[in-house]
Structures are given as C-alpha cells and as structure tokens.
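As structure tokens, the structure follows; a few thoughts come after it.
Everything numeric in this text was worked out from a predicted model, so none of it was measured.
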Amino acid sequence: MRLVVLVAATALVACQSVNGPEQRPGVASAAPTPQTVVRGRATFLERILLAPGATLDVQLIDDASADASGAATATIASARWNDLHGPPYEFALPYDATRVDAKNRYSLRATLRDAGGHLEFATDRRVEVVPGESKVVEFRLVKVTD
C-alpha cells in the first residue's frame, strides 16, 4: 500500500508546473508582458577617456510616431547606464514587444554625458534597428560642440 501511495504522490508532484505563475481556480491572472532587448555597442572616434561617473542614455524610437508629432509616445523604451569605464559601451535595452509593429521603422538615439551631466557625445543621425533581431547594433557617437 505504501508503494502505491508513494508512486501516486510522485506522479502528482511531477505534473506540477514549477516555472509558471501560480494559478487558482476562478482567479484571472494578468498575461505577462513580452519583453525582449535590443543589444548595441556605442563608441566614438576621439581619443579621450571620460572621467568616472559618465552616463549613457539610449532610447528606442518609433520613427513614424516621431515624424508625425514628435510626441513622447514615439519613445518605446529608454534606459541609462551609469559609471561607464570607456568605449565601446555595450548595452542591452529592454523593451515591451507589444509596443512594436513589424510594419514600422525604429531607430536608436543615444547621448553620453560626463559625471557632471554635461552632454559630451550624441548620435547625429538615424541608427536603424529592427526590434527582435539578435544582431548587435553598432554605432558612433559624435562630439557635441558648445
């Protein structure tokens, strides 16, 4: 009898979902937001090294929305990386895949600021990106003149 109980208990444990969210009968759960990343590498040609505390800001932009209105809704995702050490600056920008339409065009915008927040480098042209691709997007930042 013990063997039958042990086998039945083992079978029930094996059927349980370990990785999924807890489900309770009669309780609706919110669907998880699909999130993925754009991987990139930003660099600049100048032979300088920014002091510790520099920050890189990267935005994923919906070009159609940006062209139409320039509205904040054009920004799909943005993130900041602090205390950078030197180029190239590698990043992984997470974004909500439900906000991306395969028919639209997307680009990255980036700025690099020194420890005091002064803008030092920025993208000066469109950096095309195809969300969902695994390819690392490489681009150059240009020195901002005062």
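Side-chain contact between Leu93 and Trp81 is present, with at least one heavy-atom pair separated by less than 4.5 Å. The shortest distance between side-chain heavy atoms of Leu84 and Leu112 falls below 4.5 Å.
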key: From CA spacing to verdict: side chain to side chain contact (heavy atoms under 4.5 Å, CB included), Asp114, Phe121   = CA-CA 9 Å; Asp114 67 15; Phe121 293 89; over 6 Å; no
key: Working for side chain to side chain contact (heavy atoms under 4.5 Å, CB included), residues Tyr95 and Thr75   = CA-CA 10 Å; Tyr95 68 93; Thr75 302; over 6 Å; no
task = Might you work through the side chain to side chain contact (heavy atoms under 4.5 Å, CB included) test for Leu108 and Thr123, ending with a clear yes or no?
result = CA-CA 8 Å; Leu108 295 176; Thr123 50; over 6 Å; no
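Between Tyr106 and Asp63, the shortest heavy-atom contact is C-OD2, 3.7 Å. Here the closest heavy-atom approach between residue Gly53 and residue Asp83 is recorded as CA-OD1, 3.3 Å. The heavy-atom pair separating Ala115 from Pro52 by the smallest distance is CB-O, 3.4 Å. Closest of all the heavy-atom pairs between Pro131 and Val129 is CD-O, 3.5 Å.
Atom CZ in Arg80 sits 10.5 Å away from atom CD in Gln59 (nearest 0.5 Å). Taking CG of Asp101 as the start and CD1 of Ile76 as the end, the distance is 9.5 Å to the nearest 0.5 Å. Here Asp62 contributes atom CG and Ser107 contributes atom OG; the two are 8.5 Å apart, rounded to the nearest 0.5 Å.
More than 12 heavy atoms of other residues, nucleotides or ligands lie within 6.0 Å of CZ in Arg126, so this atom counts as buried by the packing criterion.
Ion pair Glu120/Lys143 flagged as a salt bridge, since at least one NZ, NE, NH1 or NH2 atom sits closer than 4.0 Å to an Asp/Glu carboxylate oxygen.
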Below 3.5 Å, can you tabulate the donor-acceptor pairs from side chains in residues 41-49 to any protein atom, sequence neighbours excluded?
unit_1 : atom_1 : unit_2 : atom_2 : d
Arg41  : NE     : Glu90  : OE2    : 3.2
Arg41  : NH1    : Glu138 : OE2    : 2.8

